[in-house]
Amino acid sequence: MEPSSKIFYGALSLLTLAALGAGLVAAGAEGLAFGLFSVLTLGGALVCIWERSVVRSAFSLMATFLGIAGFFVLLHADFLAMAQILIYVGGILALILFGVMLTPPDLTERKISRVLGGLVVFGLGFAWVGMRVAESATWAVTEKGPAEGVNNAKRIGVGFLAADQYVVAFELAAVVLTVALVAAVYIARRRRADLEPMEGQGGGA
Amino acid sequence: MGLGAYVAVSAALFALGVVAIIVRRNVLYVLMGIEMILNAANINFVAFSHFQGGALDGRMFAIFTIILAAAEAAVALAIVLNVFYLFDSVRPSEADLLRE
Amino acid sequence: MKFDPSTDFGLLLAVLLIPLIGYTIQIFFGKKLPRQGDWMLTGGMGVVMLITVYLAIKAIAAGAHGDGHAVDFLHSSQDHGFAFKWLFDEAKGPGLLNVVAGILYDPLGAVMLAVVGIVCFCVHLFSIGYMQGDRRYHIFFANISLFSFAMLGLVLADNILFLFLFWEIMGLMSYLLIGHFSQDPSNPFFHRWATWASKKAFLTTRIGDCLLFIGIFIFYREFTTAWETVPAFKEALPRFQPFLFTDMWEMGRLVVAQNGGEFPAWMTAAGLCCFGGTIGKSAQFPLHIWLPDAMAGPTPVSAMIHAATMVAAGVFLLGRMYPLMSPEVLAVVTVVGATTALFAATIGMVVYDIKAVLAYSTISQLGFMVAAVGMGGLVAGMFHMVTHAFFKACLFLSAGSVIHGCHHVQDMRLMGGVRKHMPVTFVCMLVCTAAIAGVYQFSGYFSKDAILLAGWASVLDNAVFSGWNLYALISLAIAAMFTAFYMFRLIFMTFFGEYRGNLETHMYSAQIAAEGVEGPEPHAHDDHHGDEHGHDAHLPHEAPLRRNPMTISLVILAVFAVPGVAALLNGWITHLMTPLSMYGPTAGAFAAEKISEGILDHDSHLGRQAHYLAVGVSLFVATAGIVAAWFLYVRRRDLPEVITTKLGLVYTAVRRRYFVDEMIDIAFIQPTLKLTTFFRTFDEKVVDGFVLLNGSIHKGLAFFMAWIDKTIVDGLVNLVGLVSQAFGAATRLLQTGRIQQYAAFAVAGGLLLASWLILS
Amino acid sequence: MDHILSWICFLPLIGMTAVILAPKGNNTLVKAISLVATGVPFLLATWLYFSFDKTTASYQFVQRFDWIPLLGAQYYVGIDGLSIALIFLTTLLLFIAVPASFSIEKAQKAYYALLLLLEVGILGVFISLDYFLFYVFWEIMLLPMYFLIGIWGGPRREYAAIKFFLYTLTGSVLMLVAIVALRLDSGTFSIPEMMNLARSGQLTGASLPGGGQLIGLEFATWIFWFLFIGFAIKVPVFPFHTWLPDAHVQAPTPISVILAGILLKLGGYGMLRACFPLVPTAFRESCFALGVLGVVSIVYGAYVALGQTDFKRMVAYSSVSHMGYVLLGFAALTEWGYYGAATQMFNHGTSSAVMFLVVGVIYDRAHHRDLNGFGGLAQVMPRYWALTTLGFFAAMGLPGLAGFVSEAMTLVGAYSAPDPVFKLFVLISVIGLVITAAFLLWAIQRVFLGNLNEKYKDYTDMSPREIFCQAPLLFLCVVLGIFPFFLLDWMEPSVVQMVDFLKTAGS
């Protein structure tokens, strides 16, 4: 492991402990869970950006997706949490891994200065903007929490199919998905004639 | 935990997604960054939905986002493969035909 | 023998349809027919001739009975339901929007039709011999057939729009026929000249056509307006058709009557425009320039153009429009005609090309006819057109025969003594020359006598006297003398003396050496008719037996010029053609108002007086002209050169045809070409340039914007990059990766926007 | 056959689909499909022509139902005497354009597909009675033309295509502005209803901001000039004509034929259908200006044509000259003028198509169009010479041929116009007649007569296919010259009504 990574992972570990502790102090068990999930989410994303290898990045992204699923559970959106794990972890991530495997590894592309610079510039920028927004914003929330014990999956199912709700959008989404998949297959179809000149060097697949 | 905490996490994830898109020179990172941004949005949707008394709309949107993300990922990967075939590289800076 | 509308209109229609159908068959199948279809068209034209002659005899019979004049001999097929609705299928009542075409058969038409039939048949017959061996023989026949059709249609048309239609078809056919040799380099004739001449003929006559077209507009517009606004006209002519000749005459009468007996100014303008058509078609000064060049066509075509068709059409139009012409127009007609007659006669005296002499004589004779009409000698003019058609066709065909016999030489200085070798041609030509010169009792004598009579009558009659008539009378008398002179000069130079074609040196050699041969270069030894006569005998020869048709047609035409026959013709025509019979009772009387009493009634005091003067003058000028020609070209052959030297510049001017061609070139053609070049440049540089400039301005603007974008906007962005450089490693971020750079900018922009929102 | 108009209009679209779906490389099949897809509408149009009721001026074969209710746009089609002949001409010329295109080698599938799409657009414009529909078809037509010139054209095809596109797009934009304004004012897209409003003088923009006035000019005047310029570019009228020579010269022969034969007519037809009747008062005020433009186009076009050395450019400028008669006839505002203009559109459609086919024949052989580079071709190509001469004389307006009828009627109509200055216009435009004869004869002389260039000695005469393309057009030229009532009877009631409308409406 190179030195810069050592520092990075060290810092990340410290951040994890800080987040967990802060969560526990702030809101007890729920806070602890929140801290854990946010560490999973943001940490996964950070590792994803940091890591030199695409495979590792992809797997760290899985942590992000899992963390978000956790958030969904905390927010009483259990169906969504399940869908998140199924689709993102099971589908999209798998797709990305296919992509990773179909393309050759390029270990030279990561420039540490770039990554650090980007993190600093955009992190600072977003942090500043976010803070100012947080100061001034009033969120449109009903202070009382959500009703407990509602069957989320059923509500969503009804929402999809009820004529006055989301049936059209649902159908459209289905069509878009179908078309997109067909299109993806079509685009990815390798046309020999187009690629003759590159046959020698690019035949990774 | 209050709404602000979720929004803060979401914002941070969004920023990281942007960074991922911009700093790494591999198309796959662009793809992953986009996924992060979409997920950041999803957190917001669900959080707001939750703190507004469990309104359904936000969750519905989240579901559609997930669906579209799946579609987008499939197409994007196909494009990535094509870009790779064409330019023999997955660096987006190489695929600069737009400049022509 | 009365005109029977039920059958005779059918015959007249057949006269039109036979050549038209013949043409259609010939143009598609001519080449495959035996003898390339010449027998079919000639036979068809023979039938046409028989019909026209039969109908003419009927007309003459109508003129002979009664009080000796054919009155009320005007048949319009529309009165008998025999009409072709042209523009709209259903008749639109007395509306103004319909053109219904029918057949108008009147004495003028009857006579003209017979002349056209006979001359066209003779030309067809002659062509069988003359054109043999031509590569486009069948096309030639098709074209002369359609040419004849157009002239026949023009004569029979009962409305001016259809007359114009046939008029233009004739223009087209003359274009094609004059240019007949223009695309065949294997032909020994002058194809380059033919191309140019045919185009010149078409364009020159088209100028006249356009004037005629305008004249038709004016008549249409004014007549319809008058008819719609004045109730009396509506009552008088309930079924008014604005283009119909009979209705036009009637309307003209009514309009003039309503105007207090004076012609309104617009009628003068319209009449002048219509006369413009005559100037173009009948080769009057200054649009005569096409006619001498038109002899570039094959000789039969020249015969046709100069005799029965084309040029006759202009004079025929004058006859048709006579009632509508105001005295002012007639004065112009007189002056133009007389000037042309004299002007062309002077040129005729100095040219050596045998066809050119005939061409200028045609122009001159047309001037006679036009001037005659102008002076009131309507019948005299038409009669001269008839006699002229016969003898000029014969003269041209004889000339063609001579040219053919003399190995396609046209310069008279290279002929001579042909009399002995071509006796039949000589006789025919002599008869016709006598006729054109006005020798006593030959056909030209009668018609020219009638013209001079009209001149004298109009000069002597105080009611119609004007100085222009006196000018015309004098000019015509001189021109008649010149005519006799140059025609006999032609005879003496061509047929008398010794044959000069083979001689290396002779009296004209110096002149020829100086000026070159007139007409086409003689093609000495590659004669394409060489199979018929040996090269050793370069002597003229009569057409061989198998070319008999040529001689036959010569004889047919010459018959009409000989004494006796000519007198008969004279009697018939003077009895048949009167203003009353030509235009109907009312319009005829109206037309006759402009004509001197002495012309209308030869037995009046004025008529007798004018008649004696006319006979005296015409006999004198004919004799003087012939004697002068004999003296100069038979007796004292050295004199012409002396005289020409003495005349000096005047002679040069006449030789060069008064530089009319050159002047027209300078005055019209060159400016047109300059204007064309100017317009083209204008279009490419200014109009299009404006568009392109507009484009360039926008393009420049676009480049300017792009520059701003690149230097200032992009510069700002780069500035941001520079700022980022201060943060160290982030610099590179901005300088690599295309798409990502854009994304970075987008995000940076978003952030900047957000901060601006927050800070403001 | 209630839907006959829609069938005629959209059959080529079906053909286009079939062409696209045809197996790759099977060009024979593509050509056959195109022939059928243009031939069937031609037959239908012929049937339509003869089942047309000649006695009425009202719209026939009407179909009308809502199309975009939100905008108030309808699918409203129908024909009257003004459009029937042009529909026939369109289907005929497109049917001829297909065999005339057989010599094209490049990307044939796309070519025929675009050609068929073009036919849809053109026919759509001719049958539309709804202004929105009209505009949609108008734009549909523009694109295939752009590609047909830009891809299959000559060496400077991009320049020509872009010039054509920008010019016509400018016109379209002006039209669009006017259409929107008319829609806002009248509340309908239906042209007959707009005409009804215009008849009673209600289409004055009074309901719009400004109360019918804009920068000191009447609403109707603005509308008139916007629409007029939009159509004038298509006609083309001087000084909007400079796209024409370039587009013609660069376009392949069949496209030139369509361009000259039909597209130019769209301008004239558009004026008659969708410009003058909507703002009749403004039109009457502008008659003088229109007459001037017409006369300038006639004389100027003829002179510039005389000055050309490029065969096709000459023919293109002759179109400018001939279409000037259309404008002059319109401006005259007399029945004869309108008969003349309407027949001139048809007759120029046939004669100019013949002229472009003539140029195409020689260009296919010599691969250049320099008039001075030919000579003596009559010796090797007598049939070609004969057909060319006939076509040129038809274009010259020689009596007995169709051009004469229309030119004579136009000039007579203009001469009898209420405004006496039109007499002067006629006198000036007669110069155009002489110059037209001059440049056509000169062209014949330079191409066909004189000495034969050795280079051209082996040229073959016209092939049956080439004769097939020209023969029907020449046949029409001759027949309509002798029996012009085959055109005039059909348009008579509509023309009478239209002239009456234009003379009286809105006052």
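What you see is a predicted model; the values in this text were computed from it and never measured. To find a chain, count down the sequence lines: A is the first, B the second, and so on, and within it residues start at 1.
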Heavy atoms under 4.5 Å from chain C: which residues of residues 479-487 of chain D carry them? D:Gly481, D:Ile482, D:Phe483, D:Pro484, D:Phe485

Check against side chain to side chain contact (heavy atoms under 4.5 Å, CB included), D:Thr309 and C:Arg680: CA-CA 11 Å; D:Thr309 49; C:Arg680 185 186 166 175; 4.0 Å; yes

Looking at C:Phe679 versus D:Tyr317, is the centre-to-centre ring distance below 6.0 Å? no

Please report the interatomic distance CD1(C:Ile214) to OG(D:Ser429), rounded to the nearest 0.5 Å. 8.0 Å

Less than 4.5 Å apart, any side-chain heavy atom of C:Leu176 and any of D:Thr389? yes

Is the closest side-chain heavy-atom distance between D:Leu306 and C:Thr672 below 4.5 Å? yes

Correct closest heavy-atom pair for C:Glu168 and D:Leu398 would be OE1-CD1, 3.5 Å

Okay, C:Phe682 and chain D: the region with an atom under 4.5 Å from a heavy atom over there is both

Looking only at the aromatic ring of each residue, does the gap between the centers of D:Trp336 and C:Phe217 stay below 6.0 angstrom? no

Sub-4.5 Å side-chain heavy-atom contact between C:Phe213 and D:Glu407: no

Atom pair CG/OH of D:Leu441 and C:Tyr175 - distance to nearest 0.5 Å: 4.5 Å

Options D:Val405, D:Leu377, D:Val412, ranked by heavy-atom pairs under 4.5 Å with chain C, top entry: D:Val412

For D:Val426, which atoms come within 4.5 Å of any heavy atom of chain C: side chain, backbone, both, or neither? side chain

Which distance, rounded to the nearest 0.5 Å, do you find between the CG of D:Leu427 and the SG of C:Cys273? 7.5 Å

Rounded to the nearest 0.5 Å, how far apart are CD1 of D:Ile435 and OG1 of C:Thr676? 6.0 Å

Looking only at side-chain N and O atoms, does C:Asp683 offer a donor or acceptor that is under 3.5 Å from a partner on D:Tyr303? no

Shortest non-hydrogen contact between D:Pro399 and C:Leu165, atoms and distance: CB-CA, 3.2 Å

